[in-house]
Amino acid sequence: MYNFKTYDKDFINDQEIFDLLEKGKNPDPAEIRNIIAKSLDKVRLEPQETAKLLQVEDPDLLEEIFEAARKLKQEIYGNRIVFFAPLYIGNKCVNNCLYCGFRKDNDAIVRKTLTAEELKEQVEILESKGHKRLILVYGEHTCYDADFIAETINIVYETKKDKGEIRRVNINAAPMDVEGYKKLKEAGIGTFQIFQETYNHDIYKKLHPQNTIKGDYSWRLYGLDRAMEAGIDDVGIGALFGLYYWKFEVMGLLFHTIHLEETFGVGPHTISFPRIEPAINTEFYDQTKYKVSDEDFKKIISIIRLSVPYTGMILTARESPEVRKEMIPLGISQIDAGSRIGIGGYKKDDYIPEKEQFQLGDMRSLDEVIKEMCDFGYLTSFCTACYRSGRTGDEFMDIAKPGNIQNFCIPNGILTFKEYLLDYASEETRKAGEKLIECELEKIENTNPEKKKMIEEKLKLIDEGKRD
Ligand code: SAM
Ligand code: SF4
């Protein structure tokens, strides 16, 4: 059982958020341009500034916000995009979140937890497609305690088939106590992700029945503080958009970021902004009045990008290919592809509604998505070098802040992409990828010919069979 800690008061003040949003209404265009300029100087925004961006309605000014977000993404992250895959381990759950297909009272779901053998098999399939980073996902249940989760992490790292290996395992599971997180740290976890779902206290109470563990707002809100106390310094926050008013949730994400920065000296490694999807035998999707349109989704992504310039942003395969194509340039740094979210879903390569939490919008294979990224001029990266050499938390930020993602991450990305092209890509993707690598090398030659030479030498070694 958890070592429960109670929190009397928390750092999300609903009234303060409403007041900031109210004061932000009808913003002066000159002030908005100053706020945009501050973001472009790569400085994290203050809540009153983000509130003003959230209240912009003028189409021309909105276009300036989108353009600035694209520019900032390009300047900090370049055209690199990191790929991962989700791997659902088990769907048993003691909670009853009204919107989720895995909720305890949902009889339409077939409950299943992967055995060690099945887990290995799923990992081998993912490795055979070229994946190097996974996020393991679990319902909340006593059988998914820290020891169990640590064991699944070990199994994933140990499972190596042919040239395949998983180099970074992230986790999306229920909040734990400090002792539990220490076990995960010991097992070599990458990022621990917890989505607050909604930052609004009243709505949270309504959607998470109070007789369940998840009913405790503060236990969840401080879940990542405990992770950081335990030494996990890459943490991911998120809100499930569609539960409440989207502007409120963006403010909640910013307050959460500021709280982590002020308490631990480093903000979240990533922010996720899933939109609610339909789930089997679940009425919530049809009933909620807070669903976010594509147009508002663009604003969410751009304004988060401008508010927290250095935080990674994740866009999942919940979204359709068309939406992903439009949103990625606005600030996204990580996407998943070839994803299946049924328990055991990679074996059948199938849609299994009775085992899925919700429906995915992008069911294309990893190879297809990578090919599309090449056509857009985006460089696929499977790089995990920072994590493996211990550059996490504020040490990663020390690289990100002086603009070194371009200097370190793009070259490393090229090398991991080359490995993918040789070992896993279809003929078509390989051709498109090789062309893209040529373009990247040309760009590097213009700024740093020495670096280009060094990358070419490493590419040659990869051609000869050497792997990272
Ligand atoms: N059970 C753990 C928890 O709730 O934190 C972790 C895994 S849960 C399966 C992962 C996330 O799925 C939740 O945090 C929630 O944001 C998201 N989710 C739940 N129902 C969803 C739906 N209908 N559409 C989209 N995302 C959903
Ligand atoms: Fe369980 Fe998580 Fe789904 Fe809630 S969101 S019902 S805790 S799996």
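Remember, it's 1-based here, ligands and their atoms both numbered in the order they're listed.
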Side-chain heavy atoms of M313 within contact of K73, under 4.5 Å: no
Under 2.8 Å from atom 1 (Fe) of ligand 2 - protein N/O/S, by chain and number: C93 SG
Sequence-distant partners of K182, side chain to side chain contact (heavy atoms under 4.5 Å, CB included), two or more places apart: V178, E179, A230
Parallel, tilted or perpendicular: rings of Y420 and F417 (30°, 60°): parallel
Considering all heavy atoms, the nearest F255-E16 contact: CZ-OE2, 3.7 Å
Identity and distance of the protein heavy atom lying nearest atom 6 (C) of ligand 1: N172 OD1, 3.0 Å
Proximal ligand 1 atoms for R318, defined as those under 4.0 Å from one of its heavy atoms: 12 (O), 17 (C), 25 (C), 26 (N)
Pair H131 and Y424, ring centroids less than 6.0 Å apart: no
Electrostatic pair D145:K183 at N-O distance under 4.0 angstrom: no
Y217 and Y199 aromatic centres sub-6.0 Å: no
Heavy-atom gap I194 to ligand 1 smaller than 4.0 Å: no
For R275, the ligand 1 atoms whose distance to one of its heavy atoms is below 4.0 Å: 25 (C)
Contacts of type ring pair (Phe, Tyr, Trp, His ring centres under 6.0 Å), residue F248, not counting sequence neighbours: F18, Y244
Taking atom 14 (O) of ligand 1 as the reference point, the nearest protein heavy atom with its distance: E197 OE2, 2.6 Å
Among K92, Q193, K214, H141, closest by any non-hydrogen atom to atom 4 (O) of ligand 1: K214
Proximal atoms of ligand 1 relative to G139 (non-hydrogen, under 4.0 Å): 1 (N)
Partner set under side chain to side chain contact (heavy atoms under 4.5 Å, CB included) for E322, not counting sequence neighbours: S320
